[in-house]
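Comments concern the structure below.
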Amino acid sequence: MVRSLAVMTSGGDAPGMNAGVRAVVRRALDCGLQVYGIHNGYEGLVSGGESIRPMGWNDVGGILPRGGTFLGTARSERFRAREGRLQAVRHLVALGIDALVVIGGDGSLMGAHILAEEWPSHVEMLQKEGVSEAPHALHVVGLPGSIDNDLYGTDMSIGVDTALNHIVQAIDDLTSTAASHQRTFVVETMGRHCGYLALMGALGGGASWVLVPEEELDLRWHHKMTRAIEKARAIGRPHQMVVVAEGARHPDGLPIRTEELKKILADRLGIDVRVTVLGHVQRGGAPSAFDRILATRLGVAAVDALVQAGDEPLRHMVGLQKNRVVMTPLMEVVEKSQAVGKQIDQGFYHEAQKLRGEGFIRTLELIKTLTRIEPAAATHSDGAVALLTGGADAPGMNTAVSIAARCLMNEGFPVVGVRDAFWGLIRGDFMPLEWNELTSWVNRPSSDLGTMRHDLSAEDVQRVAETIEKHHIRGLIAIGGLGTYQNVVRLVEKAPELKALAIPIVLVPATIDNNLPGTEFTIGCDTALNNIVQAIDKIRHTAGATKRTFVVEVMGRQSGFLALMAALASGAEKAYLPEKGITLAELNEDVAALRESFQCGKRMVIYLRNENASRHYTTDFISRLLEEESHGLYQVRTAILGHLQRGGVPSAFDRILASRMGSAAAREMCAMLRRDRRDVLVLGQRGRGLEVFPLAQILDEINVKQGRPKEQWFLELTAMAEALAKHAPVCRLDGSE
Ligand code: ADP
C-alpha cells in the first residue's frame, strides 16, 4: 500500500502539466496520502533539500490557466549517472516516499523506469550505510507530457492540443498576410522525430503541402511539391502554405531546411516566398480546455492506480486511447516511442507510420487527397449534391462544407449549397459553391451557408420534395444538430409516398451542445468549450479585494457536456447539469458549502449552470438565493455567456474533426451515388475512430423525451470535477489549512 507520493514535471515543458500536478496532488490528499512536489525535475530530486517540498491542497490552487509548469522542469545530467540516482533514492527514502509520478516525455519516463528498476540495489547500499527504514519498492507512474505527440500508449500527450491551436492560429494569421501579397509561406513546426504537429496543423490550417519525418520522399519530391503549388495557383488560389516539421528529411536522410524550401519554390516558380519558424510560441500560453481535462483525467487515474497497487511495483504510463484511460508498461512506451525515430533513421518509413497508428496514416492520406483534388474535368451532369448546415450555427461547419464539397467536386459530382438550412430546401434557395471560395472556408467561423432552426411541417416536407425534383438534387449532406436529424427523419418518413425524397443522405454531427447520439464529440463543441474556459479564466482575473461568487450560465441545451467539462477545465466548484436537475436539498447543501469555502480562505467561487439544468431554479434565482444567504461573507455576480460561446474561428480539434467528417461524408455519398443506393447514414466519432451508422440505429440511441443520447460518456467525470475543485478538506476558520 502506497503511503507517500512525490510528483514532478520533467523534460520539455508542456501546457497542461499544471493541471496534471493539481489532479495528482488533490486526489492523493483525498486518498489520505502524504504528498510532495519535486521542483526542477530530476535535478531537484538529485539535489533534495528545498527542492522536495510537502504539498497542500491550496498549493495547487489557481494554477489551471497557467502555461508551463509551476514546479519547474529541467534536464539533469547528474540523474543520468548511477551515483546521481543513488542521491535521488537517498532523498526519497529519507522522506519515506514510495511512489513517484513523473509528467514528461520519453526521456523522463525512461529515467523513472531505471530509477524503479535500480531501487532495491540502491536501498541495499543505503542499508549498508546504516539507513534502517526504506520502502521495499518504488512505484512509478508516468503521465505523457510532450507537445510533439510522439509517445506510444496514448492518442494525445499533454500539451499537444494547445500547441496545435497555436499552429492553426499562426497559419490563419499568415494566410491573411499571404493573401494580401499573393505570397507563399513556408512554416516550420516543432517535431524532431514526429510529424504530428505539422500534419494536423496543415490539415487545420488548410495548407497546400506538408513535409513530415515519417514520410519517405522520393527523389522527385521537389518537383511534386512545386507542381502542386503551381496547380493551385493556376486554379486561382492566391496564396499557398507549405508546412514542414523540423525533423523532415531528404531521401538521403539529411534534414530539409526551410531556407532550402524557400529557394526551391522561389527559383522554380518565380514566386515571393517567406519563411516563418514557429519555435517556442508553440509551447507557450494558457493550456487549452482539452489539455487541462486530459491532464486531470490522467492525474486522477495515476493516483487511483497507485492506491490500488499491490506488492508488485507499478511501472506504467497512464494514457488516453479512444477516449478511455489505459495503462501501458513504461518500458513498452519508451521502446515503441523511440522505435519510430530508429525506423526513420534506418529508412523504414512504412514501419514508422504503422507505429504512429491508424489516425496518423489516415490524416496523411487525407491531406494528400486534399492537395491533389481539383474540380474534375468531366462531371456527372444528372443533378447536384446539396449541402446544408442546420439548426444553430457551430464553429467548424464551414470547414466541413469546404472539405465535403471539394471532395465531391474532385469526383465529378456537382454541388450546391442550400441557403438557411431547410428553409432553402423549402424555397429552392441555393448558393453556387465555387472551388477557390470553398478553400478559404476551412478556417472561417460559423456557417456561410446560413443556418436556421425550423421544424418541417407536413406541408414543408411536400415542398422540399418539389424542390428536390425541380432542382435535380440527387443527394443531401446535412451538417447540424438534433433539429437537423429530426428534420431528416421527417423527410425519410415521407419517402415511400413522395418518391423525390428517396435520395442518399449523410448526416454530420455539428453542434456546440454535444448532445447527439452515435458520437462522443460533435463539430463545434471544442471551440465552445475553449470559449467558456477562456471567459472563466478572465472572470477569475477579477478576483481582488472582494470575495465573490460567480454564477455562470452556459449553453448545452439538454446536455451537460459544456457545463461539466468547463468546470473540470476551469476548476469551477460546481456544475448544475440538466441530466441531474437541481433540488432544493442540493441548493441548501451548496449554500452551506459556499459559506465554508469562504471561511476556509477561498476568494472566488464559480458555480456553472447549464441553461436547462432546471426550469424553476434559474440562474437568476440561484444568484439571489446565494446572495441572500451570504450574510456579508461574499458578493454574488452573474455571467450569462450567451452567444460568445459559439463565436470565433474553430479550434484545431474542431477543424480536424470537421475535415475528417467532411471527407467521410463525401466518400459515403459518392459510394451511394455510384451504387445507386438511397441510404440515410450518420457519422460519429467514437474514441478516435470515425464510424458510419444507419439512421435507424442512431434513433434507437436517442432519448427523445429528454432530448439527448441515452448514454453520455462524460457524466462519469462528474464526481472527479467536484472532488478536485472543493476547498481544502481540512481547514481552520482563519483560512489556513
Ligand atoms: P523528455 O522527457 O521531454 O523526453 P529528456 O529526454 O531531456 O526530455 O529527458 C529528461 C530528463 O530525464 C533528462 O535530463 C535525464 O535527467 C532523464 N533521463 C532521460 N533519459 C534517461 C536515461 N536513459 N537514464 C536516466 N535518466 C534519463
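Note that the structure is a prediction, hence the values are computed from the model and not measured. Atoms within a ligand are numbered from 1 in the order they appear, just like the ligands themselves.
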Task: Pairing residues for Arg257 by the salt bridge (Lys or Arg N to Asp or Glu O under 4.0 Å) criterion, not counting sequence neighbours - done: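 None.
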Open item on the list: Can you list everything that forms a salt bridge (Lys or Arg N to Asp or Glu O under 4.0 Å) with Glu77? Sequence neighbours excluded, please.
Closed with: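 With sequence neighbours excluded, Glu77 shows a salt bridge (Lys or Arg N to Asp or Glu O under 4.0 Å) to Arg80, given in chain and number order.
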TODO: Verify the neighbour count for atom CZ of Arg82: are there more than 12 heavy atoms of other residues, nucleotides or ligands below 6.0 Å?
DONE: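 Yes - once you tally the heavy atoms of other residues, nucleotides and ligands closer than 6.0 Å, there are more than 12.
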Task: Flag if over 12 foreign heavy atoms under 6.0 Å of CD, Glu358 - done: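 Counting other residues, nucleotides and ligands, CD of Glu358 stays at 12 neighbours or fewer.
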Open item on the list: Students should find this: residues with any non-hydrogen atom under 4.0 Å from ligand 1. What is the answer?
Closed with: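 Only Ser10, Gly11, Gly12, Tyr42, Arg75, Ser76, Phe79, Arg80, Arg85, Gly105, Asp106, Gly107, Ser108, Met110, Gly111, Ile114 have heavy atoms that fall under 4.0 Å of ligand 1, ordered by chain and number.
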Open item on the list: Among residues at least two apart in sequence or on other chains, which ones pass ring-ring contact (aromatic ring centres under 6.0 Å, His included) with Phe714?
Closed with: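 Only Phe561 meet the ring-ring contact (aromatic ring centres under 6.0 Å, His included) criterion with Phe714.
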- [ ] Could you tell me how the ring of Tyr42 sits relative to the ring of Phe79: parallel (under 30°), tilted (30 to 60°) or perpendicular (over 60°)?
- [x]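 Judged by the thresholds at 30° and 60°, the geometry between Tyr42 and Phe79 is parallel.
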